[in-house]
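Data block below; observations after.
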Amino acid sequence: MVIDLFGNIIDWGGIFLQVAFSKLKTTAIRLFILIGILITILWLSIFFYASFYWLYMPSASHIRPVYFKFDVCPEGVGMCTFPQANLTFGKDGREEILHKGQAYRIYLELEMPESPTNRGTGMFMVQLQMYDKTGKVIQQSDRSAILHYRSVLLRTMYTVIFAPFFLAGLDEQKQVVDIELFNHYVDDLVDSAVGAVIQIQTKKIDIYSSKIKIFADFTGLRYYMFYWPKLSAVSGIGGNFMFLSFMVLLSWYQYSQKDTVEEEEFVPMMRRMSLDVRRQRIREQLERERAAADSSSPEDEDETSAKSFMGSYDYQGSHDIQDESLGEMAAAGDDDIVLMSSDVTLLPGSDDDTLRLRHPSNIHATL
């Protein structure tokens, strides 16, 4: 008794462990698939946001050095033409660095020494011409500039205080002049600018170096994406993640609904096919019985019909289809009526294989 009880407990424990292990295995597989899907959706969300940022956001700034060119006077001293520089945006003018539809602020930075020439020049004009691929000028700007004024006393104090730095070469007596050439430049949608010509309209000027600065003036969505990059990234990736998750759930729901509909349609179809096969078997059985009755002698006709009639009720007899010979007779729009082969027969002498009820009273009573 105790041994049997102990054996039953072991068997129950084994069954319980098998069921628990099977459920744990199924849960682990589903969890692994779910984690894989979530990781895939997350990486797709990051990729979509990064692609959108790269396509939608232009570069925030472009800073290029400017090198002026001029003609020297015949005496070999001084400038006989205005200093001029031709600046191309990109390599050989084939790259368009200005985003179409985006507003920009364009500055020219001049690093000028506080020389007597610059102090005596006073105001001078700076001209900027933007041209397209054909060399046509699409926009032009003219701005005036001047070196900042410093009195003799201020220059003397500045020189005395910063003399150690000047002697060590750590600083110079110079000024940086920023000239705003465009405060709201928008590139043309058809003729994009590929370069610019900068001209300083004076022959008496000294310049250490110069740069052109192009800053994007962001507004709207670009403003938040540039000045609030982390918040924009979290919002964009989160939105993409929710959208992709919704699409995955919708696809899974449609797939599950499709399987349910196919399963619901498969059962009646198989039932209809089974009934058609069984009805065909009944017809073949009755054909054999009629053929046997026609080939027998008139004296043996009654005996053959009686045997055939009794054989239809013998499920274990020689007829191999009696155990599953079900027929179907239904009018249009009526319920199906399942019959045994013993309930139907072929009309004698009919050419269209017409079935006739042998016991219509019993069938109607059943209905």
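Residues take their numbers from the sequence shown, with the count starting at 1.
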Practice prompt. First locate atom OG1 of Thr159, then atom CG of Leu154, and finally report the distance between them rounded to the nearest 0.5 Å.
Written response: 9.0 Å
Fill in: hydrophobic_cluster_shared for Tyr67 and Ile63, side chain cutoff 4.5 Å
no
Discussion item. Within the 4.5 Å heavy-atom criterion, are Phe124 and Ile205 side-chain neighbours or not?
Written reply: yes
Worksheet item: What distance separates Leu44 CG from Ile39 CD1, expressed to the nearest 0.5 Å?
Response: 12.0 Å
Worksheet item: OG1 of Thr121 to CG of Asp206: how many Å apart, nearest 0.5 Å?
Response: 7.5 Å
Discussion item. A side-chain contact here means heavy atoms from C-beta on lying under 4.5 Å apart; do Asn86 and Tyr131 qualify?
Written reply: yes
Worksheet item: Under a 4.5 Å cut-off applied to non-hydrogen side-chain atoms, are Tyr149 and Ser151 in contact?
Response: yes
Worksheet item: Are the side chain of Asp217 and the backbone N or O of Ala103 linked by a donor-acceptor pair below 3.5 Å?
Response: no
Worksheet entry | Separation between OH of Tyr208 and CD of Gln175, rounded to the nearest 0.5 Å | 11.5 Å
Discussion item. Is any side-chain heavy atom of Phe89 closer than 4.5 Å to one of Ile214?
Written reply: yes
Worksheet item: Judged by atom type as modelled, is there a donor-acceptor pair below 3.5 Å linking the side chain of Gln139 to the main-chain atoms of Val186?
Response: yes
Worksheet item: Looking at Ala145 and Ile179, what are the two nearest heavy atoms and their distance?
Response: CB-CD1, 3.4 Å
Discussion item. Minimum heavy-atom separation for Gln129 and Gln140, please, with both atom names.
Written reply: NE2-OE1, 3.1 Å
Item to complete: Group every Ile, Leu, Val, Met, Phe, Trp and Tyr by side-chain heavy-atom contacts under 4.5 Å, then state whether Ile146 and Val126 land in the same group.
Response: no
Worksheet item: Just wondering, do His99 and Asp187 contact through their side chains at under 4.5 Å, heavy atoms?
Response: no
Worksheet item: Just wondering, more than 12 heavy atoms not from Met157 lying within 6.0 Å of its CE?
Response: no
Worksheet item: At their closest point, which heavy atom of Phe82 faces which heavy atom of Thr202, and how far apart are they?
Response: CD2-N, 3.5 Å
Worksheet, complete the sentence: Nearest heavy-atom approach of Val66 to Lys211 is CG2-C, 4.0 Å
Worksheet entry | Of Phe226, Tyr53, Tyr49, the residue whose pairing with Ser232 passes side chain to side chain contact (heavy atoms under 4.5 Å, CB included) | Tyr49
Fill in: Cluster link Ile212 to Tyr107, ILVMFWY, side chain under 4.5 Å
no
Worksheet item: Thr26: what forms a side chain to side chain donor-acceptor pair (under 3.5 Å) with it, not counting sequence neighbours?
Response: none
Worksheet item: Can you tell me how far CE of Met247 sits from CG of Leu249, rounded to the nearest 0.5 angstrom?
Response: 10.5 Å
Worksheet item: Rounded to the nearest 0.5 Å, what separation is found between the CD atom of Gln173 and the CZ atom of Arg150?
Response: 8.5 Å
Worksheet item: Will you find, in the side chains of Tyr104 and Asn183, an N or O donor that is under 3.5 Å from an N or O acceptor?
Response: no
Practice prompt. In sequence, state the C-alpha distance, the side-chain angles, and the governing distance for Arg119 and Glu114, and then conclude on salt bridge (charged side-chain N to carboxylate O under 4.0 Å, His left out).
Written response: CA-CA 7 Å; Arg119 289 198 301 268; Glu114 293 184 345; 5.3 Å; no
Discussion item. What I'd like to find out is whether the side chain of Phe182 reaches to under 4.5 Å of the side chain of Met130, using heavy atoms alone.
Written reply: yes
Item to complete: Would you check if Leu87 and Arg64 make a side-chain contact, meaning some heavy-atom pair closer than 4.5 Å?
Response: yes
Item to complete: Determine whether Val248 and Phe243 fall in the same hydrophobic cluster, where Ile, Leu, Val, Met, Phe, Trp and Tyr are linked whenever their side-chain heavy atoms lie under 4.5 Å apart.
Response: yes
Practice prompt. Evaluate whether atom CZ of Phe165 has more than 12 neighbouring non-hydrogen atoms of other residues, nucleotides or ligands under 6.0 angstrom away.
Written response: no
Worksheet item: Is the distance between the ring centroids of Tyr158 and Phe162 less than 6.0 Å?
Response: yes
Item to complete: Tell me whether the guanidinium CZ or amine NZ of Arg105 lies under 6.0 angstrom from the six-membered ring centre of Tyr185 and within 45° of its axis.
Response: no
Worksheet entry | Backbone of Met79 reached by a side-chain donor or acceptor of Lys203 within 3.5 Å | no
Worksheet item: Less than 4.5 Å apart, any side-chain heavy atom of Met225 and any of Phe52?
Response: yes
Item to complete: Spell out, as yes or no, whether a donor-acceptor pair under 3.5 Å connects the side chain of Ser210 to the backbone of Leu110.
Response: no
Practice prompt. Could you verify whether a donor N or O on one side chain and an acceptor N or O on the other, from Gln199 and Gln84, lie under 3.5 Å apart?
Written response: yes
Worksheet entry | Same cluster (ILVMFWY, side-chain, under 4.5 Å), Trp228 and Leu221 | yes
Discussion item. Check this for me, if you would: do Lys213 and Glu109 make a salt bridge, where the nitrogen-to-carboxylate-oxygen distance has to be below 4.0 angstrom?
Written reply: yes
